[in-house]
There are 2 protein chains.
Amino acid sequence: MADGVRRKFRREGEAQRQGDLIAAALELIAEGGPQAATVRAIAARAGVTPGLIRHYFHTKEDLLCAAYASFMQRMTDDHRATVADGVADPVARLARFVVASLTPPMVDARAVGLWAGFIHLVQHDPVMRAVHHKTYHAFRFELDVLIAEALASVGRGDSPEELRRHAISCNALIDGLWMEGSSLPDAFSDGELPRLGVANIGLLLGLDLAAALED
Amino acid sequence: MADGVRRKFRREGEAQRQGDLIAAALELIAEGGPQAATVRAIAARAGVTPGLIRHYFHTKEDLLCAAYASFMQRMTDDHRATVADGVADPVARLARFVVASLTPPMVDARAVGLWAGFIHLVQHDPVMRAVHHKTYHAFRFELDVLIAEALASVGRGDSPEELRRHAISCNALIDGLWMEGSSLPDAFSDGELPRLGVANIGLLLGLDLAAALED
DNA sequence: CCTCAAATTATACGCTTGCAGAATTACCGC
DNA sequence: GCGGTAATTCTGCAAGCGTATAATTTGAGG
């Protein structure tokens, strides 16, 4: 580098720069965990100098909070986008929900790394905990409702305890397949993961989800 | 602290001190992730001074490798201890395997924190990768065999592709329940988790695992 | 009781980290 | 074109990091 030469730069809007910094932080955490997301590394990846971070975020932890919120928001947005609302049959809605949970971009090599990297930050920061609870329980609640509606639509009136058990098990199966698929992407052929999910959640609930998908 | 007074200490055997240091490192990672496991923090928790770490481990990464190996070894040991070998009926063996996977000490609040904390270290360090592959695939392979034997024992000759799908799904269900139970310990009543696992894996495979347990 | 190897502590070094504030530069409105 | 504002960079700092090595203390054996 030439000495005494100040680096050229372009001015950007607040949203743009914040977005770049958040994206950079997420990339770094996904690749190397929280320890890789140093202020200097984030700035370098975002194409700016470290000082700029403190111009847009009061502290590094603030940036990480925003990054986590952005991550969770993108996950739920992606999920909703794939679910394709407006399906009349409750069983088909549940099936689509499962497929969406086990299809890219939900299943992604970096997603599980991000999820793991944030766990400890989430457990210690109250703000992150709030974000976590909101989005996590939203997912779980949505699944609860879908299962209840799907069972009701075929005339089954499972007790609340049975519904709770169904929701826990289906959620576990989705989570487990999501983890396997995300961390071992090459272990599954195209479309195998959602097919497994639909078939097996059908088994758990006693519903033919696969058939309901063909509409 | 009095000035110029050197700290008193007791000599311990190599195994004892290494064990203390490893235990301290695991505690810290479980609580606060890899970033919390600094050399100084580990030493303090183990009741020694930082320099001692380098007397027993060539580098900090060596200590973390040993800690990960110890963690995985303890998990598989605990698992095997609960499985209670020597059961004749293959279906009962599978059921016991599932129960063991979803019972303390396998299900533990700190276990999932540790697992998450090590993920990125494992992905970057070849030695850790080796440890991971060895123990992880041992678990998965054991499950594969148990499922095949259980199905064969009731006269079902599922094709290799079906067996593979069964193993993936059962593994996913166990993993998911393990994660839910470990990260939300208060969300489940006593014995509920293994009961859910046994019942639902029975559904996935078309076997009555619960009945096989009562022997 | 003294000796001596080894276990342990203490100190120090170079590097990185997050953070703060001053200095500079780009761009918008006139 | 020409300020003026604020976006951006630059420099510096104190604390913490992992590591290296020298200085001590311990406990066992003679």
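Below, read A as the first sequence line, B as the second, and so on, with proteins coming before strands; counting in each chain starts at 1. Please read these numbers as outputs of a predicted model, since none were measured by experiment.
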Task: Phosphate contact (C:dA7 OP1 or OP2) by B:His55 side-chain N/O below 4.0 Å - done: yes
TODO: Identify whether any heavy atom of B:Arg17 sits under 4.0 Å from a base atom; if not, whether one sits that close to sugar-phosphate; answer base, sugar-phosphate or nothing.
DONE: sugar-phosphate
TODO: With DNA chain D as reference, determine whether A:Pro50 or B:Val39 sits nearer its 5' end, using the nearest nucleotide of each.
DONE: A:Pro50
Open item on the list: Over all strands shown, is B:Tyr56 touching base, sugar-phosphate only, or nothing at heavy-atom distances under 4.0 angstrom?
Closed with: sugar-phosphate
TODO: To the nearest Å, give me how far apart CG (A:Leu64) and C1' (C:dT17) are.
DONE: 14 Å
- [ ] Could you give me the CA-CA distance, side-chain angles and deciding distance for B:Asn171 and B:Phe139, then say whether side chain to side chain contact (heavy atoms under 4.5 Å, CB included) is met?
- [x] CA-CA 9 Å; B:Asn171 192 44; B:Phe139 182 91; 3.6 Å; yes
Task: Separation of atom CZ in A:Arg40 from atom P in C:dT16, rounded to whole Å - done: 9 Å
Open item on the list: Below 30° counts as parallel, above 60° as perpendicular, anything between as tilted: where do the rings of B:Phe118 and B:Tyr68 land?
Closed with: tilted
Task: Over 12 non-hydrogen atoms of neighbours within 6.0 angstrom of CD in A:Glu149 - done: yes
Task: Minimum heavy-atom distance A:Met128-A:Leu121, with the two atoms named - done: SD-CB, 3.7 Å
Open item on the list: Would A:Ile168 and B:Leu177 count as a side chain to side chain contact (heavy atoms under 4.5 Å, CB included) here? Give the steps.
Closed with: CA-CA 8 Å; A:Ile168 292 172; B:Leu177 287 174; 4.0 Å; yes
Open item on the list: Testing B:Val127, B:Val122, B:Asp125 one by one against B:His132 for a side-chain contact (heavy atoms from CB on, under 4.5 Å), which residue passes?
Closed with: B:Val122
Open item on the list: Rounded to whole Å, how long is the line connecting atom CD of B:Gln18 with atom P of C:dA7?
Closed with: 11 Å
Open item on the list: Can you see whether A:Ser182 engages A:Asp108 through a side-chain donor-acceptor pair at a distance of less than 3.5 angstrom?
Closed with: no
TODO: Can you check each nucleotide of nucleotides 20-30 of chain C against protein heavy atoms at under 4.0 Å and return B for base, S for sugar-phosphate only, - for none, in 5' to 3' order?
DONE: B--BSSBS---
TODO: Considering just the side-chain nitrogens and oxygens of A:Thr38, establish if one lies under 4.0 Å of OP1 or OP2 belonging to C:dT16.
DONE: no
Open item on the list: Between the side chains of B:Glu192 and A:Arg164, is the shortest nitrogen-to-carboxylate-oxygen separation below 4.0 Å, so that they form an ion pair?
Closed with: yes
TODO: Using the heavy-atom set of chain B and a strict 4.0 Å cut-off, write down the first and last nucleotide of DNA chain D that makes it in, 5' to 3'.
DONE: D:dC17 to D:dG27
Open item on the list: How many whole angstroms separate atom CZ of B:Phe57 from atom C1' of C:dT8?
Closed with: 15 Å
Open item on the list: At 4.0 Å (heavy atoms only), tell me whether A:Glu14 reaches a base, stays on the sugar-phosphate, or touches nothing.
Closed with: nothing
Task: Intermediate values then yes/no, side chain to side chain contact (heavy atoms under 4.5 Å, CB included), A:Leu213 and A:Arg96 - done: CA-CA 7 Å; A:Leu213 262 186; A:Arg96 283 175 192 273; 4.0 Å; yes
